[in-house]
2 protein chains.
Amino acid sequence: MWGLELLGMDGWRREMAGTRRHGAGRGRPTLEEVAARAGVGRGTVSRVINGSPRVSDRTRTAVEQAVAELGYVPNRVARALAANRADAVALVIPEPETRLFAEPYFSDIIRGVGAGLADTDLQLLLTLIRTPKERQRLAEYLSAHRVDGVLLVSVHADDPLPDLLERIEMPAVLSGRRSAHESVPYVDSDNTGGAQSAVEHLIGRGRERVATITGPLDMYVAQCRLEGYGAAVRAAGREVEEELVVSADFTEEGGRRAMWQLLSQRPDLDGVFAASDVMAAGARQVLRENGRGVPDDVALVGFEDSAVARHMDPPLTSVRQATEEMGRAMVRVLLEEIGGRSDHTAKRPQLVLPTQLVRRESS
Amino acid sequence: MWGLELLGMDGWRREMAGTRRHGAGRGRPTLEEVAARAGVGRGTVSRVINGSPRVSDRTRTAVEQAVAELGYVPNRVARALAANRADAVALVIPEPETRLFAEPYFSDIIRGVGAGLADTDLQLLLTLIRTPKERQRLAEYLSAHRVDGVLLVSVHADDPLPDLLERIEMPAVLSGRRSAHESVPYVDSDNTGGAQSAVEHLIGRGRERVATITGPLDMYVAQCRLEGYGAAVRAAGREVEEELVVSADFTEEGGRRAMWQLLSQRPDLDGVFAASDVMAAGARQVLRENGRGVPDDVALVGFEDSAVARHMDPPLTSVRQATEEMGRAMVRVLLEEIGGRSDHTAKRPQLVLPTQLVRRESS
DNA sequence: ATCACAGCTGGGAGCGCTCCCACCGTACCT
DNA sequence: AGGTACGGTGGGAGCGCTCCCAGCTGTGAT
């Protein structure tokens, strides 16, 4: 079934048949040559390269010198084939998301992942998923175990990938849970706590009628932030009023619409917690259009602390996530998964990173 | 929707339950098995897989069927080893830059590159460079020809990497030139033209004293944007006044400082072209602090058309670069380089993509 | 019928590594 | 002395593919 598709991909290569012969790679020293130079066997060099302890110091020094003299760099491809590993992990990003979260989120995650991988000699393979067909291709690719582990960013609840990965026993880590009882290892930030602290802050500043603009409630992250809102409201001895809760879709336009609705339902609101900075930006516009000053008439708080927050007027108070740290943590967890896969009974590592409220002039 | 397809993969999985020897991947069908099943030789299957024309239709069909039945997916690693290619290209990003450009630039490039690579079966390898040591490691890695080509984002004039790549005949493409006579293939956007159109726009709106905040002038991109400014000024029959030109470093704080300086040198200026949105944001703050209205007192234009531009108050007129298209173009050029490396006399492809002025309320 | 020459095909010989097993020597026992 | 043990070591046997060449078929020209 896929066969035909696979053939298609090779099109470009046909043209270049034979073209590439100019010794790419050939001519570089091999293990064997290093061995010859050091006057030892192939196996010994391999042991030295891989830091095996079962090598005498004398031999090790000799080999190391030969390596240095020849400028030997191991051929990852050969190594991967022989050892049947890939020496690579994939970072999978569903393309539509990059537009949504955009901003620093992705680059921060990537940066964190890069940092985490830096002293690993694992390669980072980036995979953008645009279409179901590409997802299918990725699934094949992963099933063929061409990577040692997978990092999944912002998976939707109905994404089949995590389960597929679990079935084929491919180590994987999610950024963000799909639901309250996520079975796959993940790293998430404390959405509930962050939201709660934001709303507590609003209430602490004397706001009486604090509304919230939520994300799409079929996303767990949106549920959590709403829950945090509720927790803060109740902690202040108030009740969650339906009219003060409107959900949107994490976009600017959604934020605008939600703000209009809030304003018409409860013109007397004096505080808004938006579950994302971009929605806050939309809300801010609508507030301005309606002559409501921020923060004088309405105090506004966002979530994510992206560049947008800093550049808004007035600059937006927002909940900062340790995004880069998330990337780094994901790598840590993945490495554990890859390494310690022996005992299947072990609890899957699941991490929740703290958030931090960044106060600015909007509240 | 994907569900059904993915289930298909269950087949092979189930068979090898318990079969799994050490490590993953073993147990998948190999070329040899496909050959056996199709009743042909290894070579023939290889030819079919790679779309060679020297196969009879009957044989081809038989092989394709066997491939489908077995769910065969070629092992890239083995293929790479045997053919001495890597089936991968590296995207190299100097880490500090991701902070500077931040915003959509980076993710747009990645998205474009991803799109360009989508129907190739090349892998995208992401490499963040943080330290000189890591650069060194990358250099080794590339010298060992473990990728088929390299995409370099925002190289500095003094970066040794492009020359290294040229020496080892590794196909490479830059995003942005290092200087006016760049020898390596590149894809750049029309910085000069973009800047010129921005300034022409300002002048066209009746602004008499248009200033500019430039980037660091040791960067070619900054030079170009300044040149575009000059061209527009002169085209309007005016002269470039030194007092109207201040250079900064592409950061917000730099933009602030530059704006202060401009305001003190020429309090009567009525237009500002900032060579980046972020600097424009800084300038905008200073203008506000000095009681200058935008656009009434001072019209402001940025460059890049990032998220910041849209979220400023008033929204910033800015020069949009086709960033995603740049990524895509880089891949196209790289593929050409990889494929047609035979004739070394051929002109190196160098592309300049047009920009577009996006008008908003700041001007 | 014979020969030449295509068009196809099978399979040997690697690619550069890891794995693993047999083997060496030395040290330490009985 | 012979036995045991064990840290070190060499090198065969692959990993799954591509490359290439020899060989095999069928066709058309002689």
Side-chain angles (χ1 to χ4, degrees), chain A residues 6 10 13-14 16-21 23-63 67 70 72-87 121 144-146 148, chain B residues 20-63 67 70 72-87 121 144-146:
Chain A
L6 290 176
D10 281 349
R13 173 130 16 80
R14 223 169 291 140
M16 48 176 286
T19 307
R20 177 121 40 150
R21 294 271 36 106
R26 305 266 144 97
R28 297 233 92 205
T30 71
L31 238 207
E32 195 101 41
E33 297 173 49
V34 174
R37 172 142 200 154
V40 301
R42 234 172 40 253
T44 304
V45 178
S46 175
R47 254 158 278 166
V48 172
I49 297 293
N50 293 295
S52 155
R54 350 180 98 272
V55 181
S56 71
D57 284 345
R58 270 231 333 230
T59 317
R60 164 168 287 114
T61 326
V63 171
V67 165
L70 260 32
Y72 170 75
V73 181
N75 181 331
R76 301 182 81 99
V77 176
R79 173 181 290 185
L81 179 61
N84 193 33
R85 28 184 180 85
D87 279 344
D121 82 345
H145 289 276
R146 298 321 182 225
D148 298 325
Chain B
R20 166 179 309 236
R21 315 225 293 283
H22 51 153
R26 305 264 146 98
R28 293 235 86 196
T30 70
L31 238 206
E32 196 103 38
E33 296 173 50
V34 174
R37 173 144 198 151
V40 300
R42 237 175 35 253
T44 304
V45 176
S46 174
R47 254 158 288 179
V48 172
I49 298 293
N50 293 295
S52 155
R54 351 181 100 273
V55 181
S56 72
D57 283 346
R58 270 224 342 215
T59 316
R60 163 168 288 114
T61 325
V63 171
V67 165
L70 259 33
Y72 171 74
V73 180
N75 181 330
R76 304 181 78 101
V77 177
R79 175 181 285 185
L81 179 62
N84 193 35
R85 9 176 193 91
D87 279 345
D121 67 349
H145 289 273
R146 298 321 182 226

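Chain identifiers are assigned alphabetically (A, B, ...) following the order of the sequence lines, protein sequences preceding nucleic acid strands; residue numbering begins at 1 within each chain.
- Partners of A/R79 according to the side chain to side chain contact (heavy atoms under 4.5 Å, CB included) rule, which considers only residues two or more places apart in sequence or in another chain, are A/I49, A/N50, A/P74, A/R85, A/D87, A/D121.
- Near DNA chain D, defined here as any heavy-atom distance below 4.0 Å, the residues from residues 36-44 of chain B are B/R42, listed numerically.
- Listed nucleotides: D/dG16, C/dC17, D/dT18. Nearest to the side chain of B/L31: D/dT18.
- Following rounding to the nearest Å, A/N84 (CG) and C/dT18 (C1') show an atom-to-atom distance of 11 Å.
- Axis angle across the helix from C/dA1-D/dT30 to C/dT30-D/dA1, with five pairs used at each end and values rounded to 10°: 50°.
- Taking the side chain as every heavy atom from C-beta outward, B/L70 and B/R28 never approach each other to under 4.5 Å.
- Rounding to whole angstrom units, CZ of residue B/R79 and P of C/dG16 are separated by 19 Å.
- Distance B/E32 CD to D/dC15 C1': 12 Å, rounded to the nearest Å.
- At a threshold of 4.5 Å between non-hydrogen side-chain atoms, the residues A/V45 and A/V40 count as touching.
- For B/A82, the side-chain atoms get nearest to C/dG14 when compared with the rest of C/dT18, C/dG16, C/dG14.
- Here the closest heavy-atom approach between residue A/R60 and residue A/S52 is recorded as NH2-O, 2.7 Å.
- The 5' end of DNA chain C is approached more closely, in terms of each residue's nearest nucleotide, by B/V55 than by the other of B/V55 and B/A78.
- When the nucleotides D/dT9, C/dT9, D/dC17 are ranked by their closest atom to the side chain of B/N75, D/dC17 comes out on top.
- Atom CZ in A/R76 sits roughly 13 Å away from atom C1' in C/dC17 (whole-Å rounding).
- A/V77 comes within 4.0 angstrom of nothing in the nucleic acid, heavy atoms only.
- Atom CG in A/D87 sits roughly 19 Å away from atom P in D/dC15 (whole-Å rounding).
- For B/L81, the listed nucleotide lying nearest its side chain is D/dG16; candidates were D/dT18, D/dG16, C/dC17.
- Within residues 45-54 of chain A, the residues that place at least one heavy atom under 4.0 Å from DNA chain C are, in residue-number order, A/S46, A/R47, A/N50.
- Among residues two or more places apart in sequence or in another chain, the salt bridge (Lys or Arg N to Asp or Glu O under 4.0 Å) test is passed with B/R37 by B/E69.
- The two residues B/Y72 and B/L31 have their closest heavy-atom pair at CE1-N, 3.6 Å.
- Contact between the side-chain N/O atoms of B/T59 and the OP1/OP2 oxygens of C/dT9 is found at a separation under 4.0 Å.
- Residues passing the side chain to side chain contact (heavy atoms under 4.5 Å, CB included) test with B/S56 are B/R58, B/T59, sequence neighbours excluded.
- Within the structure, salt bridge (Lys or Arg N to Asp or Glu O under 4.0 Å) pairs that include any residue of residues 41-56 of chain B comprise B/E32-B/R42 (at least two apart or interchain).
- Annotation: side chain of A/V77 is not in contact with side chain of A/L81 (no heavy-atom distance under 4.5 Å).
- In this structure, B/A62 has no side chain to side chain contact (heavy atoms under 4.5 Å, CB included) partners at least two apart in sequence or on a different chain.
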Next item on the list: Please report the C-alpha distance between A/T30 and A/E33 in whole Å, then the side-chain angles of each, then the deciding distance to 0.1 Å, and finally whether the side chain to side chain contact (heavy atoms under 4.5 Å, CB included) criterion is met.
Entry: CA-CA 5 Å; A/T30 71; A/E33 297 173 49; 3.6 Å; yes

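- Listed nucleotides D/dC17, C/dT18, C/dG16 differ in distance to A/A83; the shortest reach to its side chain belongs to C/dT18.
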